[in-house]
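Residue indices begin at 1 and follow the sequence shown.
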Amino acid sequence: MPKMKTKSSAKKRFKLTGTGKIKRKHAFKSHILTKKSKKRKLKLTHDALVHKADENNIKVMLRLK
């Protein structure tokens, strides 16, 4: 039986932390930045954790589950 492939889109977007949580980037930080405040852009720069309700779906896409 062949190996199960991970979803390439998920592989590029998510990283696993040491404790097993999933990190993600914020959206809305790629273009049209002139109208966004400095404070808002700074907050979008930092990584966030994936919500617990979405964790199982992402783990399936990454073949961790």
Can you tell me how far apart CG (Leu62) and CG (Asn57) are? Round to the nearest 0.5 Å.
11.0 Å

Taking side chain as C-beta onward, heavy atoms only, is Lys23 less than 4.5 Å from Leu49?
yes

Assess whether atom NZ of Lys25 is packed by more than 12 heavy atoms of other residues, nucleotides or ligands within 6.0 Å.
no

A side-chain contact here means heavy atoms from C-beta on lying under 4.5 Å apart; do Arg63 and Lys7 qualify?
yes

Less than 4.5 Å apart, side chain to side chain, heavy atoms only: is that true for Ile22 and Leu16?
yes

Within 6.0 angstrom of His46 NE2, more than 12 heavy atoms from elsewhere:
yes

Please check if the number of heavy atoms outside Arg13 that lie under 6.0 Å from its CZ is greater than 12.
no

So which atom in Lys21 and which in Glu55 form the shortest heavy-atom distance, rounded to 0.1 Å?
CA-OE2, 4.5 Å

Considering residues, nucleotides and ligands other than Lys41, do more than 12 of their heavy atoms fall under 6.0 Å from its NZ?
yes

Roughly how far, to the nearest 0.5 Å, is the CE atom of Met61 from the CG atom of Asn56?
11.0 Å

NZ-CZ distance between Lys35 and Arg40, expressed to the nearest 0.5 angstrom
9.0 Å

Which value, rounded to the nearest 0.5 Å, describes the distance between Lys5 atom NZ and Lys11 atom NZ?
9.5 Å

To the nearest 0.5 Å, how far apart are CG in Leu64 and CZ in Phe14?
11.5 Å

Would you give the length of the straight line joining atom CG of Leu44 to atom NZ of Lys36, rounded to the nearest 0.5 angstrom?
7.0 Å

